[in-house]
Amino acid sequence: MTREQSLVVTGLEAIAKQLPFPVLGIDSDNDSVFINETLTEYCSDRGIEFIRSRAYRKNDQAWIEQKNGAVIRRFLGHERYSGQVAGQTIAHLHGAMRLYVNYFQPSFKLMDKTRNGSVVTKRYSSPATPCERVMQHETVEADTRASLNERRAQLDPVALLHSIRKTRSALAAIVSPEIRSTPRGESLERFLVRLPDRWRQDEGAASRPPKVRAPHNWRTRPDPFEGVWCDVLGWLQEDPDASAVVLLDRLQSTYPDRFERAHLRTLQRRVQQWRSIMASKLVYSVSCETLWDEQSLPEMALAESGAKC
């Protein structure tokens, strides 16, 4: 939903809590959300080795690209999803996928490859799940093995598959024209209540200690978007990819002689703030260990696909 350095660090912290082993290194691509001081200081403070792949050499990330095809695209397909509802649904789907693939989906691993003229001979390991491979590693402690065994015993693969199918049905409902054309529901009203909250900024992103200033909690000029922010949020819910320029043009056509081009930067900051809040709420509110209940997910997606103020 938004590209922000502090959200990347928050996501890495959430991933580290779910891993059964410590993080020793991070190998990223050359995206600006990774190549920055925030992630560098995060790795330096925790003793994590941080390296990057070569530019325009996607084979440096061959294992990641392989899983994008074997796991992500296999479950999600190639549709383009956008918006807070779709992001929340995908997060729940990833939570069920993570448990099913890591605990119950065995796979081969290439051990070695030899070439004799034009004949290539490949030797694979025995099929095993990622959980089994972790437990077979000699450096894994006994407590970790016991914890993984206990967690696996609590999971039901049939229930996980059922949750995956229901969540994929919800995604199909989100992208269907019938769902997109439905009237707005009530969920955006809850978003509006939480809108004044500020997403905490990562303290490690600052190169020097910030200056202590008195809190500024008053306005120096009238809010130009007072009374119309509900309309803007509704348009964003209908078209999550809409830019601030498109929204301002729509405001100018809806409310003639009220908005000027000078209001564009204010609207851009407000839209970016809303998207950051929605992304941060998604990171903190969705638990990867929690599966959705038995209610109809397509109906849930329909109920939360819009809002009114």
Item to complete: Can you measure from CD (Q66) to CD1 (I72) and round to the nearest 0.5 angstrom?
Response: 12.5 Å
Discussion item. Working note: R275 + E4, criterion salt bridge (charged side-chain N to carboxylate O under 4.0 Å, His left out); need CA distance, chi angles, decisive distance, verdict.
Written reply: CA-CA 10 Å; R275 285 173 172 160; E4 191 170 312; over 6 Å; no
Worksheet item: Does S253 reach the main-chain N or O of R250 with its side chain, forming a donor-acceptor pair under 3.5 Å?
Response: yes
Worksheet item: Are L264 and V246 in one and the same hydrophobic cluster, where Ile, Leu, Val, Met, Phe, Trp and Tyr link if side-chain heavy atoms are under 4.5 Å apart?
Response: no
Worksheet item: Got a second to check how far M111's CE is from K122's NZ, nearest 0.5 Å?
Response: 15.0 Å
Item to complete: Inspect the contact between R261 and D249 and indicate whether a charged nitrogen and a carboxylate oxygen are less than 4.0 angstrom apart.
Response: yes
Worksheet item: About how many Å separate SG of C131 and CG of N149, when rounded to the nearest 0.5 Å?
Response: 6.5 Å
Worksheet item: For A159, does its backbone N or O pair with a side-chain atom of S163 as donor and acceptor, under 3.5 Å?
Response: no
Worksheet, complete the sentence: Scanning both residues in full, the closest heavy-atom pair of S82 with R80 reads CB-NH1, 3.9 Å
Discussion item. I'd like to know if I15 and V134 are part of one continuous hydrophobic network [Ile/Leu/Val/Met/Phe/Trp/Tyr, side-chain heavy atoms within less than 4.5 Å].
Written reply: yes
Response to the item:
Residues F34 and V8: closest non-hydrogen pair is CE2-CG1, 3.7 Å
Discussion item. When you compare the side chains of Y255 and D231, does any donor N or O come within less than 3.5 Å of an acceptor on the partner?
Written reply: yes
Discussion item. Can you confirm whether more than 12 heavy atoms, excluding those of R52, are under 6.0 Å from its CZ atom?
Written reply: no
Discussion item. Using only atom types and a distance under 3.5 Å, with no angle test, would you say the side chain of R145 pairs donor to acceptor with the backbone of V140?
Written reply: yes
Fill in: Any donor-acceptor N/O pair, D60 side chain to R54 backbone, under 3.5 Å
yes
Worksheet item: When hydrophobic residues are tied together by side-chain contacts of less than 4.5 Å, even through go-betweens, does F108 share a cluster with V71?
Response: no
Worksheet entry | Within-4.5 Å side-chain heavy-atom neighbours: H94 and F75 | no
Practice prompt. Output, in order, the C-alpha distance, side-chain angles, deciding distance and verdict of side-chain contact (heavy atoms from CB on, under 4.5 Å) for I90 and L171.
Written response: CA-CA 8 Å; I90 291 175; L171 284 174; 3.8 Å; yes
Practice prompt. With the side chain counted from C-beta on, respond yes when R115 and T121 share a heavy-atom pair under 4.5 Å apart, and no when they do not.
Written response: no
Item to complete: Check whether any side-chain N or O of R123 sits under 3.5 Å from a backbone N or O of L110 as a donor-acceptor pair, and report yes or no.
Response: no
Worksheet item: Would T129 and R152 count as having a side-chain donor-acceptor pair, cut-off 3.5 Å?
Response: no
Worksheet entry | Student check: side-chain heavy atoms of W229 and L233 closer than 4.5 Å | yes
Discussion item. Check whether T89 reaches the backbone of V85 with its side chain - one donor and one acceptor, N or O, closer than 3.5 Å.
Written reply: yes
Discussion item. Let me check something: do L148 and L19 share a hydrophobic cluster, defined by ILVMFWY side-chain heavy atoms less than 4.5 Å apart, either directly or through other members?
Written reply: yes
Practice prompt. Flag yes if L39 and I64 sit in one hydrophobic cluster, no otherwise; membership is Ile, Leu, Val, Met, Phe, Trp, Tyr, and two members link when side-chain heavy atoms are under 4.5 Å apart.
Written response: no
Discussion item. Is it the case that over 12 heavy atoms from other parts of the model lie below 6.0 angstrom from the CD atom of E226?
Written reply: no
Practice prompt. Could you tell me whether the side chain of Q272 reaches within less than 4.5 Å of the side chain of R269, counting heavy atoms only?
Written response: no
Item to complete: In sequence, state the C-alpha distance, the side-chain angles, and the governing distance for R133 and S125, and then conclude on side chain to side chain donor-acceptor pair (under 3.5 Å).
Response: CA-CA 11 Å; R133 286 196 170 89; S125 65; 3.3 Å; yes
Fill in: Nearest-0.5 Å distance, OG1 of residue T139 to NE2 of residue H137
4.5 Å
Practice prompt. Decide side-chain contact (heavy atoms from CB on, under 4.5 Å) for L99 and F104; before the verdict, give the C-alpha distance in whole Å, the side-chain angles of both, and the deciding distance to 0.1 Å.
Written response: CA-CA 8 Å; L99 298 175; F104 301 106; 6.0 Å; no
Discussion item. Using modelled atom types and a 3.5 Å cut-off, is there a donor and acceptor pairing between side-chain atoms of Q61 and backbone atoms of S28?
Written reply: yes
Practice prompt. Answer yes or no: is there a side-chain heavy-atom contact under 4.5 Å between Y124 and K109?
Written response: no
Discussion item. So R46 and E13, do their side chains get closer than 4.5 Å, heavy atoms only?
Written reply: yes
Worksheet item: What is the ring orientation for F225 with F259, classed by angle as parallel under 30°, tilted 30 to 60°, or perpendicular over 60°?
Response: parallel
Discussion item. For L236, is there any backbone N or O sitting under 3.5 Å from a side-chain donor or acceptor partner on D239?
Written reply: no
Discussion item. Does D29 form a salt bridge (charged side-chain N to carboxylate O under 4.0 Å, His left out) with R57? I'd like the steps, not just the answer.
Written reply: CA-CA 9 Å; D29 58 19; R57 300 293 182 90; over 6 Å; no
Worksheet item: Between A16 and V23, what is the shortest heavy-atom contact and its length?
Response: CB-CG2, 4.2 Å
Worksheet item: Given R168 and L76, is the side-chain contact (heavy atoms from CB on, under 4.5 Å) satisfied, shown in steps?
Response: CA-CA 7 Å; R168 292 177 65 184; L76 280 177; over 6 Å; no
Discussion item. Take a 6.0 Å sphere around CG of N116 and say whether it holds more than 12 heavy atoms from other residues, nucleotides or ligands.
Written reply: no
Worksheet item: Closest approach of C43 and F50, non-hydrogen atoms and distance?
Response: SG-CB, 3.9 Å
Worksheet item: So do the side chains of Y103 and R151 get within less than 4.5 Å of each other, counting heavy atoms only?
Response: yes
Item to complete: Taking all non-hydrogen atoms of both residues into account, name the closest pair between A242 and L247 and its distance.
Response: CB-CD2, 4.2 Å
Worksheet item: What's the spacing between R74 CZ and M97 CE if we round to 0.5 Å?
Response: 9.0 Å
Fill in: Verdict with supporting geometry, R270 and D223, side-chain contact (heavy atoms from CB on, under 4.5 Å)
CA-CA 11 Å; R270 194 73 63 85; D223 183 5; 3.1 Å; yes
Practice prompt. Please report the closest heavy-atom contact between D27 and S53, naming both atoms and the distance.
Written response: OD1-N, 3.6 Å
Discussion item. Between E79 and R73, does any side-chain N to carboxylate O distance fall below 4.0 Å?
Written reply: no
